[in-house]
Protein chains: 2
Amino acid sequence: MPERPGGRTARVRASVLRAAGDMLAERGFAALDLGELATRAEVGRTTVYRRWGSVAAVVADLLLEMAAESLPRADTGTLLGDLRANARLVVRTLTDPRQGALFRSMLAAATSDEATAAALRRFYTTRIAEWAPCVTDAVARGEVPADTDPEEVIRAVSAPLYYRLLTGTAELDETAADRAAEAAVVAAKAGVHRRGSGSPE
Amino acid sequence: MPERPGGRTARVRASVLRAAGDMLAERGFAALDLGELATRAEVGRTTVYRRWGSVAAVVADLLLEMAAESLPRADTGTLLGDLRANARLVVRTLTDPRQGALFRSMLAAATSDEATAAALRRFYTTRIAEWAPCVTDAVARGEVPADTDPEEVIRAVSAPLYYRLLTGTAELDETAADRAAEAAVVAAKAGVHRRGSGSPE
DNA sequence: CCGTTAACGGAACTACAGTCCCATTAAGGA
DNA sequence: TCCTTAATGGGACTGTAGTTCCGTTAACGG
């Protein structure tokens with residue numbers, strides 16, 4: 001019994017995911033109804049229910065699709081330059097109407113659906129691993145301590161930006177991006193992000 | 001036409017919110033069904049639909065209730081001590097079964113419901129304002145630059161903790177709390193969180 | 001203590017999300 | 001090209017979330 005990923009099946013998936021992206025950008029996660037999604041994708045309602053079965057699953061699939069086209073890390077020669085590029089990329093992504101809506105939805109769906117949460121973790125693990133070499137290189141250049149935890153530094157850049165996205169307590173712009181990068185660099189240089197560092201007294 | 005906030009009405013509200021908290025802690029946001037909620041609260045289904053009307057509204061009301069009993073800021077004499085106390089409080093809150101589930105739900109609901117998003121912003125604005133004096137005092141003591149943005153520093157403490165809560169990419173424990181506090185202090189001392197600071201070259 | 005009426009709650013009703021069945025279509029292999 | 005069967009999709013079915021109606025209960029004022 002062979003699998004059939006080609007031809008029609010692929011077209012259906014592409015059509016559904018495109019429609020889902022449109023609907024998320026237009027009206028957000030709560031309005032993503034599978035019946036309406038099927039209509040807009042010009043696909044049978046049964047097909048959508050059979051292949052995905054829930055809104056969370058559609059959103060998770062959409063994330064997989066997007067993860068495939070993630071941008072490569074920067075290499076500007078300094079840690080600050082690299083992390084600033086990363087931070088600005090994150091801000092551009094989160095403020096983009098389609099991608100921003102998608103990320104909000106993903107984060108929302110992941111809080112109640114374990115499969116979506118797993119997809120989300122994979123996504124961030126991959127993304128963080130892609131950018132971690134920026135820190136490794138900075139260690140090689142002697143910019144930061146040798147036992148600096150690369151992943152921790154990358155997370156430190158994104159964290160304030162996601163915090164703003166979710167709480168809406170401050171602007172999410174390039175200034176915020178630059179500040180996030182700068183804070184991460186200063187902390188890393190001070191040795192805050194060394195492996196196993198916690199209560200440093 | 002007088003309002004009637006007392007007696008039975010208050011009992012109904014308390015009963016519904018308690019049941020909602022239970023259900024969130026047990027099975028999460030997605031499983032919060034208004035019909036079942038009414039049954040568990042021993043309240044008429046009609047009442048729940050009339051007074052709240054949606055899951056997001058119940059969750060928002062629950063947050064208001066909780067905001068009323070938020071803890072006062074610490075005053076340990078040093079910025080690091082104060083921020084560490086704040087960070088540990090945030091971690092305790094987010095890892096508590098009831099409160100953690102509630103916050104996840106709030107954040108999820110806020111991504112698609114504007115009223116919930118507004119309640120969330122109010123909550124964080126209040127909370128951040130409560131802790132901002134820690135930074136103001138640190139300025140007075142000369143620990144950090146005079147034009148340091150107090151709210152920005154407080155947000156910087158919480159951000160990595162919320163990032164971990166949502167992405168699940170790293171542990172959310174006391175070590176993370178201490179590191180978040182330390183990073184915020186180091187960055188603040190270096191002048192990263194000065195008002196209007198963005199691209200500091 | 002009594003009357004007014006805001007708020008509650010049971011029950012019937014409605015609409016629609018999600019499922020099931022089965023005929024139709026088209027991938028992929030020989 | 002033909003055959004097998006994975007995958008699709010229309011349509012009927014069903015369970016249940018959410019609404020409406022209206023009688024009942026109990027706050028609050030006098």
Side-chain angles (χ1 to χ4, degrees), chain A residues 1-20 22-24 26-62 64-65 105 108-109 112-116, chain B residues 1-20 22-24 26-62 64-65 105 108-109 112-116:
Chain A
M1 53 182 80
E3 301 289 309
R4 294 187 180 180
R8 182 170 58 168
T9 298
R11 274 199 306 281
V12 166
R13 175 166 180 257
S15 177
V16 167
L17 293 187
R18 186 169 35 69
D22 290 345
M23 292 174 70
L24 282 180
E26 282 168 24
R27 287 180 297 159
F29 182 58
L32 191 55
D33 169 64
L34 291 194
E36 192 187 344
L37 175 59
T39 306
R40 286 188 52 157
E42 294 179 302
V43 153
R45 231 179 45 254
T46 313
T47 302
V48 175
Y49 278 108
R50 188 178 23 235
R51 287 195 44 184
W52 288 278
S54 77
V55 172
V58 173
V59 172
D61 200 12
L62 205 45
L64 281 183
E65 181 87 348
S105 305
S112 46
D113 181 73
E114 183 44 46
T116 309
Chain B
M1 54 183 77
E3 302 289 309
R4 295 184 179 182
R8 181 171 58 168
T9 298
R11 274 200 306 281
V12 166
R13 176 165 180 259
S15 176
V16 168
L17 293 187
R18 186 170 34 69
D22 291 345
M23 290 174 71
L24 282 179
E26 283 168 23
R27 286 179 297 157
F29 183 59
L32 192 55
D33 168 65
L34 291 195
E36 191 187 344
L37 175 59
T39 306
R40 285 187 54 156
E42 293 178 306
V43 154
R45 225 174 56 248
T46 313
T47 302
V48 175
Y49 279 107
R50 188 174 26 233
R51 286 194 47 183
W52 288 277
S54 75
V55 172
V58 172
V59 173
D61 200 12
L62 205 46
L64 281 183
E65 182 87 348
S105 305
S112 47
D113 182 72
E114 183 43 46
T116 309

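Within every chain, numbering begins at 1; the chains are lettered A, B, ... in the order of the sequence lines, protein sequences first and strands thereafter. This one's a predicted model, so the numbers in the text were calculated from it and none came from an experiment.
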Return the CZ to OG1 distance between A:R13 and A:T47, rounded to the nearest 0.5 Å.
15.0 Å
Round to the nearest Å and state the distance from A:W52 atom CH2 to D:dA7 atom P.
12 Å
Out of D:dG18, C:dG9, C:dA17, minimum distance to the side chain of A:D33 belongs to C:dA17
Checking A:S15 side chain against A:A41 main chain: does a donor-acceptor pair fall under 3.5 Å?
yes
B:V12 or A:V55: which one's nearest nucleotide on DNA chain C is closer to the 5' end?
B:V12
Just how far, in rounded Å, is C1' of C:dC16 from CD of A:E36?
13 Å
Whole-Å distance, B:R50 CZ to D:dA17 P, equals 19 Å
Choose from D:dT25, C:dG9, D:dT8 the nucleotide whose nearest atom is closest to any side-chain atom of A:R8.
D:dT8
From the candidates D:dG11, D:dA27, D:dC21, the one with an atom nearest any side-chain atom of B:R11 is D:dA27
Just how far, in rounded Å, is P of C:dC8 from CZ of B:R51?
5 Å
Does the side chain of B:V58 come within less than 4.5 Å of B:L34's, by heavy atoms?
yes
So, taking the atom named CE in A:M23 and the one named CZ in A:R40, what distance separates them when rounded to the nearest 0.5 Å?
5.5 Å
Does C:dT19 have OP1 or OP2 under 4.0 Å away from a side-chain N or O of A:Y49?
no
Does C:dC8 have its OP1 or OP2 closer than 4.0 Å to a side-chain nitrogen or oxygen of B:T46?
no
Provide, to the nearest angstrom, the distance between the CG atom belonging to B:L32 and the C1' atom belonging to D:dA17.
13 Å
Send over the distance from A:R45 CZ to D:dG9 P, rounded to a whole Å.
12 Å
